[in-house]
Amino acid sequence: MELNEGLSGSVIYGPDSDDERHRTGTSSLADSMPMMDAYISMMRASALIAAGRTGLFEALANGPLTIERLAEAVGADEAGLARLADFLVLTGHVDRQDDRFANAPRTMRWFTSWGSVDYRSGLVWTGDAWPIMDDLGEAVRNGLPSQLLWDRMEERPELGRNFARYMATFARHLAPDLLELAPLSDGPLRLLDLGGSHGLHAMAFCDRHPGVRAVIVDLESALHETAKRIGHRSLADRIELRQGDIRSCDWGQDYDIVLYLSVAHNMSREDNRAVFAHLAKTMRPGGSLIIHDYPVETTPALFLAAFRLTLLVETGTDTLGYGELAGMLSDAGFSQLSSHTLVPADKGTLILARK
Ligand SMILES: C[S@@+](CC[C@H](N)C(=O)[O-])C[C@H]1O[C@@H](n2cnc3c(N)ncnc32)[C@H](O)[C@@H]1O
């Protein structure tokens, strides 16, 4: 599916072909039934969240099941589950073979432990984010969130934990691109991961290079499971956690590699400028700063517009364009900038700069 498709029309989600659109009633019906966009989109997201919460996709990962067996496996009411499965057949997430249901190939790949990356954590987080989106109208009216996401996470620690798990899944998806881009010279290397959360990037660099020692800085809400994860991998002597606000805490110094991955869009422009200026003082000459973000120049329009709305209601911040980011980095004393758009482009862009 082309994500940009349908921006001027009524179908902006879902099915991969016209046939499928017709079958699921998301195209022609949306033209004549004005509520279909909102209604089908709502039910589509709700059904995916319900599939994630009930464990439906994982239960089908071992092979096709009848609705009786599936209900037994996930501990759900048979009739309720049959309605969910029927809907997911129409959205293309589940296939029906006679009286048995099976995961569609893309569901198997992305939403089960058998796949290359298991985004069930993303379904759980989408369920958590759902009530927050209820505040979107108010955020649009006021131009800022009714409550910052980070404050919600302090009040409800499970939000921080679930968000960090989702970010950990994305980190597994991003890791090959990141490791390929990062210049790793021989000898000892000091790495700083600002907003490093789950710790998977720092661990991946330690695995790749025996000389890496890392510091992770993040808020308490993001670090619930990080120390345990690092301990399990016997990396506690190489990775240090510093709990605190990037804008005020001491990061240490003499870094060869700094990761600033999906953090710039959580900061105001002034805060990003201050971060880059401080990095220029605390990095070694020749050190590499790697930024991951969604610049307007390289991000598919529909995804970018959705993401900017999400930021409006969650953090009150905005994405930076590559041009603006490049100006900030250059003002702070960074040079040799390069931009690497990932495939697919919705995965974001990596930006490399040298101190
Ligand atoms: C979108 S997540 C990205 C996590 C990780 N860097 C990754 O790429 O998977 C943004 C992270 O920045 C952290 N963060 C946001 N504002 C922060 C601040 N003021 N101080 C420290 N960490 C912050 C959040 O807690 C969260 O872990």
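The model shown is predicted, which means the values in this text are computed figures rather than measured ones. All residue numbers in this chain count up from 1 along the given sequence. Start at 1 and go down the list; that is how both ligands and their atoms are numbered.
In terms of the side-chain contact (heavy atoms from CB on, under 4.5 Å) criterion, residue partners of Asn62 (sequence neighbours excluded) are, by chain and number, Trp114.
Side-chain contact between Leu279 and Tyr260 is absent, with no heavy atoms from C-beta onward closer than 4.5 Å. Using a 4.5 Å heavy-atom cutoff, the side chains of Leu302 and Leu304 are not in contact.
Residue pairs satisfying the side chain to side chain donor-acceptor pair (under 3.5 Å) criterion with at least one member in residues 196-224, sequence neighbours excluded, are listed as follows: Asp207-Arg233.
Grouping Ile, Leu, Val, Met, Phe, Trp and Tyr residues whose side-chain heavy atoms lie under 4.5 Å apart, directly or via other members, places Ile239 in a hydrophobic cluster with Leu200, Met203, Ile216, Leu223, Ile230, Leu235, Leu241.
Taking the six-membered ring for Trp and thresholds of 30 and 60 degrees, His173 and Trp110 have ring planes inclined between 30 and 60 degrees apart.
Sorted by chain and number, the residues within 4.0 Å of ligand 1 by heavy atom are Trp150, Phe163, Met167, Gly195, Ser197, His198, Asp218, Leu219, Ala222, Gly244, Asp245, Ile246, Arg247, Leu261, Ser262, Val263, Asn266, Met267.
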